Amino acid sequence: MPELPEVEIMTRNVRRWCDGRRLLGAELLDPALGVDLSGAIGQAMGPARRRGKYLCQPIGAQVLVLHFRMTGKAVVESSGPRKHARLRLRVEGSPPVAFVDTRRLGTAALLPAGELDAFFAAIPMGPEPWPEPRDGAWWQQRLVGLRGHIKGALMNQARVAGLGNIAASETCYRARLDPRSRVPALGAADWDAIAAAVPAFIEHVLNEESGPEIAYINEGRGAANPFDVYARAGERCGRCGGAVVRIVQAGRATFLCGGCQPRR
DNA sequence: AGGACTGTTCCGCG
DNA sequence: GCGCGGAACAGTCC
């Protein structure tokens, strides 16, 4: 699924496609999505915003909340209907905007704008790591009490929102930290390194992937891999020349350089 | 054929 | 009670 930077890109795109325009119609192509937009037809759409990995699109007095899970995307259908579209919004003066989601794990909800805060309050989701500056002390405080490895801790949405499987590997790489290091073993310098690595990674992805549609590196053969270690097992580390390896943590793939990410 | 996959939630275990 | 890891969800692509 899209992680924080990809959802940020999609949010900016949706804002450009929808903000200030009227919703002319909605097609629910996958009833399992379970969202009824009939009451929102004709309403003006406001600026989309992001919270964690959620995208929120105001429509009149309501908000459409999307979560993309593993394979979801918000796309503009400028060249016709897309395969795996689950929901299509017809937008005044703009091509349709579709929620495309191959594996259909994504979710959607439509709620009164006034209930959005309560909606998020009911989801265990910590504060945003970006764009507000966060220092090492902030990170240490957010992850205090966790005893597992740092990679899993970085992905803990209840502590800090938005970082996913790729961000966790890439953050550890940038921080020169073995992702298997236990949280209690980290020192002040490690927390500072994490604090610097996270925004650097997010902004790198925003620069690399911004465009009308985010690309999954395992999708087709087109997209170049914008990451330093993710999906680069067997390649050389661009920093020390060591070998990038793939390991499994909690059932998920982790990538790291065996040469320059010592364990704490 | 079998496994992998940018996420979340539920369950059992320690 | 809390934290952790595995399984399940689902479809496609090697």
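The shown structure was predicted, so the numbers you read here are calculated from the model rather than taken from an experiment. Order of the sequence lines fixes the chain letters, A, B, ..., with proteins taken first and strands second; residue numbering starts at 1 for each chain.
Distance from the side chain of A:R104 is smallest for C:dG11 among the nucleotides C:dC4, B:dG7, C:dG11. If you check C:dT12, B:dT8, C:dG3 against the side chain of A:L146, the one that comes closest is C:dG3. Picking from B:dG14, B:dG7, C:dT12 the nucleotide with the shortest atom distance to the side chain of A:M70 gives B:dG7.
Put simply, A:H67 has a side-chain N or O that comes within less than 4.0 Å of OP1 or OP2 on B:dT8. Remark: A:R246 is in phosphate contact with B:dC5, judged by side-chain N or O atoms under 4.0 Å from OP1 or OP2. Contact annotation: A:R182 side-chain N/O to C:dC4 OP1/OP2 distance is not under 4.0 Å.
The residue A:A167 sits apart from the nucleic acid: no heavy atom pair falls under 4.0 Å. Residue A:Q249 is out of contact with every strand shown, counting any heavy-atom pair closer than 4.0 Å.
Rounded to whole Å, the separation between the P atoms of B:dG3 and C:dG6 comes to 16 Å.
Here B:dG7 presents its C1' atom at 9 Å from CD of A:E3, a figure rounded to the nearest Å. Going from atom CD1 of A:I150 over to atom C1' of C:dC4 covers 15 Å, rounded to whole Å. Summarising the geometry, the separation between CG on A:L163 and P on B:dT8 is reported as 11 Å, rounded to the nearest angstrom. Nucleotide C:dA8 holds its P atom 16 Å from the CZ atom of A:R252, rounded to whole Å. Per the geometry, CZ belonging to A:R82 stands 18 Å off P belonging to C:dG11, to the nearest Å. Rounded to whole angstrom, the span from the NZ atom of A:K151 across to the P atom of C:dC4 amounts to 14 Å. Counting to the nearest Å, the C1' atom of C:dG11 and the CG atom of A:D30 are 12 Å from each other. Between the CG atom of A:N165 and the C1' atom of B:dC5 there is a distance of 9 Å, given to the nearest Å.
Electrostatic pairing of A:D101 and A:K73 does not count as a salt bridge here, judged by no charged N lying under 4.0 Å from a carboxylate O. A salt bridge does not link A:D178 to A:R264: none of the charged side-chain nitrogens sits closer than 4.0 Å to a carboxylate oxygen. Salt bridge annotation for A:R50-A:E6: absent, with no cationic side-chain nitrogen under 4.0 angstrom from a carboxylate oxygen. Between A:E128 and A:R51 a salt bridge is recorded (basic side-chain N to carboxylate O distance below 4.0 Å). Checked for salt-bridge contact, A:R12 and A:E8 meet the test: a charged N lies under 4.0 Å from a carboxylate O.
Position along DNA chain C of the nearest nucleotide to A:L105 versus A:A250 favours A:A250 as the more 5'-ward residue. Mapping A:K83 and A:H149 onto DNA chain C by nearest heavy atom places A:H149 at the nucleotide closer to the 5' end.
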